[in-house]
Amino acid sequence: EAGVAQSPRYKIIEKRQSVAFWCNPISGHATLYWYQQILGQGPKLLIQFQNNGVVDDSQLPKDRFSAERLKGVDSTLKIQPAKLEDSAVYLCASSPGQGRGEQYFGPGTRLTVT
Amino acid sequence: GENVEQHPSTLSVQEGDSAVIKCTYSDSASNYFPWYKQELGKRPQLIIDIRSNVGEKKDQRIAVTLNKTAKHFSLHITETQPEDSAVYFCAASNTGNQFYFGTGTSLTVIP
């Protein structure tokens, strides 16, 4: 079984530029998550999708971050414009859903904003 | 919402000794409690989990215990090895598949 795929793995941009991340979850997983992990901290949920609907985006800075999962499979997360404090690892994870737990993480995208 | 607290934040043990990491949660609706191991620069890896209808689960050198009444759960690693050195995160989840993470424990196993 293939794992959660993410790209790119690394990205360096200047502040005020835009960036997009892509995630392809494990096949058949209904729930997809985007997390932000700052060095030395635990993952912080940005947004949770159930199929193509948003379950929780309460911690997503909506003035600059957006995410979509149009066909209920892969997803993109965008930051526009980026700030220095957005430097972090962005982790995508997926779960079968239906209360089954078992969340699996992708390798992450390390974003550096200069 | 759920609040997960994790202790200690750092832990150093001698190789061969045991390590215990403790977490508490606040929401009685949480029913699934995974533990993740994250090595430097890598993704969090699920190492063991427990559901609310079970009090203890063991997998070789690692075990997790759950006390629903007190709302706490713990990770136990026996016979620690240098490769166990990593950051460990606990989490609590509910039927809505929302996950709430602890702040992490940096474990160092001294050879």
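Because the structure is predicted, anything quoted here is derived from the model rather than measured. Hydrogens, waters and symmetry mates are skipped; everything else that's a heavy atom, side chains included, is used. First the proteins, then the strands, lettered A, B, ... as listed; each starts at 1.
Within the model, atoms CG of A:L39 and CG of B:L40 stand 8.0 Å from one another, a figure rounded to the nearest 0.5 Å. Here the CZ-OH distance, from B:R43 to A:Y104, works out to 12.5 Å after rounding to the nearest 0.5 Å.
Atom NZ of A:K71 sits in a sparse spot, with 12 or fewer heavy atoms from other residues, nucleotides or ligands closer than 6.0 Å. Remark: A:Q17 CD is packed, more than 12 non-hydrogen atoms of other residues, nucleotides or ligands lying under 6.0 Å away. More than 12 heavy-atom neighbours from other residues, nucleotides or ligands sit within 6.0 angstrom of CD on A:E85.
Between the side chain of B:Y32 and the main chain of A:E102, a donor-acceptor pair closer than 3.5 Å is present.
By the rule that hydrophobic residues join a cluster once side-chain heavy atoms approach within less than 4.5 Å of another member, A:I38 and A:V19 end up as members of separate clusters. No chain of hydrophobic side-chain contacts below 4.5 Å, direct or via other Ile, Leu, Val, Met, Phe, Trp or Tyr residues, connects A:L32 to A:L91. Transitive grouping of hydrophobic side chains (ILVMFWY, heavy atoms separated by less than 4.5 Å) brings B:V13 and B:I47 into a common cluster. Neither A:V89 nor A:I12 shares a network with the other; the hydrophobic side chains, linked directly or stepwise wherever heavy atoms of I, L, V, M, F, W or Y lie under 4.5 Å apart, form separate groups for each. A:I26 is not connected to A:F21 by any chain of hydrophobic side-chain contacts under 4.5 Å among Ile, Leu, Val, Met, Phe, Trp and Tyr, and they are in different clusters.
Residue contact with chain A, scored on non-hydrogen atoms closer than 4.5 Å, involves the backbone and the side chain of B:P44 alike. Contacts between A:L45 and chain B at a heavy-atom distance below 4.5 Å are absent for every atom of the residue. Of the atoms belonging to A:V4, it is backbone heavy atoms, and not side-chain ones, that fall under 4.5 Å from chain B.
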Test side-chain contact (heavy atoms from CB on, under 4.5 Å) on B:L46 and A:Q103; report intermediate values, then the result.
CA-CA 8 Å; B:L46 177 68; A:Q103 177 180 210; over 6 Å; no

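Residue-level contacts of residues 77-90 of chain B with chain A, in order of numbering, are B:F89; threshold 4.5 Å between heavy atoms. Residues of residues 98-111 of chain B lying under 4.5 angstrom from chain A, judged on non-hydrogen atoms, are B:Q98, B:F99, B:F101, B:G102, B:T103 by number.
Interface remark: of the candidates A:A93, A:G40, A:P43, A:P43 forms the most heavy-atom pairs closer than 4.5 Å to chain B.
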